[in-house]
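Reminder, nothing fancy here: chain letters follow the sequence lines and each chain counts from 1.
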Protein chains: 2
Amino acid sequence: MSTEIPKRRGRPPSGQREAILRSTLELLRDRGIAKLTTREIARHAGVSEASVYYHFSDRAGLLQAVFEEGLQPLSLLAQPPNPDSDRAEVLARAAQTLSQFFDEVLPVLIAAQSDPELQAALTAYISERDLGPHRGVAAIGGYLRAQQAAGEIDPSVDVDAAALMLIGACFIRVVERQLMGQAGRLPELERVVITLDGLLGAGARGSPESR
Amino acid sequence: MSTEIPKRRGRPPSGQREAILRSTLELLRDRGIAKLTTREIARHAGVSEASVYYHFSDRAGLLQAVFEEGLQPLSLLAQPPNPDSDRAEVLARAAQTLSQFFDEVLPVLIAAQSDPELQAALTAYISERDLGPHRGVAAIGGYLRAQQAAGEIDPSVDVDAAALMLIGACFIRVVERQLMGQAGRLPELERVVITLDGLLGAGARGSPESR
DNA sequence: GTCTATAGGTTGATAGAC
DNA sequence: GTCTATCAACCTATAGAC
């Protein structure tokens with residue numbers, strides 16, 4: 001019945017739980033989910049297998065926790081870009097951020113597809129938080145809309161569609177590298193950004209040529 | 001030592017092998033690879049488990065065969081679009097074809113990521129045949145280049161980058177639907193096509209406004 | 001070619017000592 | 001809280017009859 005608040009009760013940390021989470025995510029990223037056994041996880045984390053079952057209800061519980069951890073970067077997509085610079089630069093920054101983000105999240109997203117239960121848990125998590133590519137579209141599209149309002153982009157342009165194209169280009173480049181084991185066969189991100197910026201700009205400040 | 005040619009030697013078809021392949025691909029697409037056991041496959045295909053091992057060397061051999069079957073649509077990406085129509089229409093057709101293609105291939109691509117061996121086999125297969133998104137870029141980019149040569153697109157535009165954006169937009173829409181279990185939160189493909197067509201056209205035939 | 005039956009090997013999960 | 005030891009269930013793959 002006391003009212004002390006600041007002292008943390010009970011358990012000192014010990015860090016094993018986080019070690020398990022980290023190890024699982026790490027193994028997941030570079031070996032896939034097929035042979036991801038609790039044994040391997042325990043060994044890699046330097047704990048016993050029973051510890052895994054102490055910290056998590058079961059294998060599915062562990063994986064779900066890992067997913068939530070691995071998907072955390074998703075919330076970063078919410079924040080709109082800083083409009084205080086050159087448009088091409090803003091787009092380049094956004095593209096780079098998106099790519100890095102996809103790079104981190106993709107393995108988790110893929111692993112979840114292996115099992116219907118995980119798939120369901122994933123979609124529930126995403127749906128609860130209203131996550132997804134549309135957040136990126138909203139952020140970049142919002143920035144472009146501001147540009148449009150400022151007369152920098154032709155009013156007839158569908159800025160959300162343009163944003164989707166940029167995001168898609170970033171995404172498929174990550175997929176090519178991670179899933180298909182190749183790189184350098186697609187146009188550089190910089191080219192994409194410059195191209196999009198040029199196409200957008202042509203409507204309001206470009207110098208088109210006649211036939 | 002005879003020389004008869006036209007009669008097909010030996011085995012009558014029997015179709016079990018194909019039934020197994022089909023069942024595996026089907027189970028893979030809608031349940032993931034985690035609990036994809038030879039038992040389930042055999043049961044679903046209406047054959048015994050031993051038959052699976054008669055037709056395929058082992059589980060990995062079966063999966064590899066399924067992958068090659070499932071990835072066959074990849075070769076369709078080689079054929080360039082037919083230039084005998086309106087540009088927007090050509091792009092729309094390409095976008096639709098790409099989307100359908102991604103829809104079929106994505107589950108296989110993802111399943112292969114679960115296991116390093118499968119991953120290696122997949123990249124070998126892809127690399128041998130020089131497959132990948134760059135083929136799509138080459139096809140659509142080639143078409144746009146022709147448009148460019150005909151004066152329909154400003155010469156300064158990087159058509160390959162533009163092609164990548166279109167392809168990426170198609171891809172990420174498929175990913176949203178299949179992997180994240182949502183739909184309708186991203187701009188429609190048609191909007192993307194119209195937007196891209198508009199942006200491309202503005203360079204040579206549009207009527208831009210001044211500031 | 002296809003089946004049934006089973007060997008051999010992994011894996012997830014628990015019990016109980018410390 | 002963490003460990004070792006262990007079990008029951010499951011899976012791949014093979015042997016051998018038909």
Side-chain angles (χ1 to χ4, degrees), chain A residues 7-28 30-67 111-112 114-121, chain B residues 7-28 30-67 111-112 114-121:
Chain A
K7 280 265 180 180
R8 184 163 43 182
R9 286 287 193 83
R11 53 160 184 196
S14 109
Q16 283 214 33
R17 189 191 149 97
E18 292 181 10
I20 294 171
L21 280 175
R22 229 179 319 116
S23 289
T24 308
L25 190 54
E26 201 173 320
L27 289 173
L28 193 69
D30 53 54
R31 290 199 220 167
I33 201 176
K35 288 164 187 164
L36 187 72
T37 67
T38 51
R39 259 196 243 288
E40 275 284 316
I41 293 169
R43 205 177 55 80
H44 190 269
V47 303
S48 82
E49 201 177 346
S51 273
V52 175
Y53 286 96
Y54 172 80
H55 288 288
F56 303 92
S57 59
D58 56 2
R59 186 178 183 268
L62 167 59
L63 289 181
Q64 199 167 335
V66 169
F67 285 175
S114 65
D115 182 54
E117 285 187 31
L118 291 177
Q119 226 267 352
Chain B
K7 281 263 178 181
R8 183 164 44 183
R9 287 287 193 83
R11 54 162 184 197
S14 108
Q16 282 214 30
R17 188 191 150 96
E18 292 182 11
I20 294 170
L21 280 176
R22 228 178 321 114
S23 290
T24 307
L25 191 53
E26 201 172 321
L27 289 173
L28 194 68
D30 54 53
R31 287 199 221 168
I33 200 176
K35 288 164 187 163
L36 187 72
T37 67
T38 51
R39 254 195 250 288
E40 276 285 315
I41 293 169
R43 207 177 53 80
H44 190 270
V47 304
S48 81
E49 204 176 345
S51 272
V52 175
Y53 287 95
Y54 173 79
H55 288 288
F56 302 92
S57 58
D58 55 4
R59 186 178 184 269
L62 167 60
L63 289 182
Q64 199 167 334
V66 169
F67 285 175
S114 66
D115 181 54
E117 284 187 32
L118 291 177
Q119 226 268 352

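The NZ-C1' distance, from B/Lys35 to D/dT12, rounds to 18 Å in whole Å. Distance CD (B/Glu18) to P (C/dG1): 14 Å, rounded to an integer number of Å. We find that OH of B/Tyr54 is positioned 16 Å from P of D/dA15, with the value rounded to whole Å. Remark: P of D/dA13 and CD1 of B/Ile20 are 14 Å apart, rounded to the nearest angstrom. In this structure, B/Phe56 places its CZ atom 14 Å from P of C/dG1, rounding to the nearest Å. In this structure, CD of B/Glu49 is placed 8 Å from C1' of D/dA13, rounded to the nearest angstrom. B/Arg43 places its CZ atom 17 Å from the C1' atom of C/dC3, with the value rounded to the nearest Å. Rounded to whole Å, the distance from CZ on B/Arg39 to C1' on D/dC10 is 7 Å.
Within the helix from C/dG1-D/dC18 to C/dC18-D/dG1, the inter-axis angle between the opening and closing five-pair segments is 0°, rounded to 10°.
Listed pair B/Gln16 / C/dT2 meets the phosphate criterion, a side-chain N or O lying under 4.0 Å from OP1 or OP2. OP1 or OP2 of C/dA13 has at least one side-chain nitrogen or oxygen of A/Tyr53 nearer than 4.0 Å. Distances shorter than 4.0 Å separate some side-chain N or O of A/Ser51 from OP1 or OP2 on D/dC3. In this structure, A/Thr38 reaches the C/dG12 phosphate: one of its side-chain N or O atoms is under 4.0 Å from OP1 or OP2.
Looking at which nucleotide of DNA chain C each of A/Ser57 and B/His55 is closest to, the 5′-most match is held by B/His55.
Taking both residues in full, the closest heavy atoms of B/Ala45 and B/Ala19 are given as CB-O, 3.9 Å, listed atom of the first, atom of the second, then distance. Contact detail for B/Gln64 and B/Ala121: the closest heavy-atom pair is CD-CB, 4.0 Å. What you find for B/Arg31 and A/Pro116 is that their closest heavy atoms are O-CD, 3.1 Å. The heavy-atom pair separating B/Leu27 from B/Ile41 by the smallest distance is CD1-CA, 4.0 Å.
Using a distance-only test at 3.5 Å, with no hydrogens or angles considered, a donor-acceptor pair links the side chain of B/Ser114 to the main chain of B/Ala111.
No side-chain heavy atom of A/Val47 sits under 4.5 Å from any side-chain heavy atom of A/Tyr54.
To the nearest 0.5 Å, the span separating OG1 on A/Thr24 from CZ on A/Phe56 amounts to 7.0 Å. Here the straight-line distance linking atom CZ of A/Arg59 with atom CG of A/Leu118 works out to 8.0 Å at 0.5 Å rounding. Summarising the geometry, atom CG belonging to A/Leu63 is positioned 9.0 Å from atom CG belonging to A/Asp58; distances are rounded to the nearest 0.5 Å.
Remark: B/Asp58, B/Arg59 in residues 58-66 of chain B come within less than 4.0 Å of DNA chain D through at least one heavy atom.
Using a 4.0 Å heavy-atom cutoff across all strands shown, B/Ser48 reaches at least one base atom of the nucleic acid.
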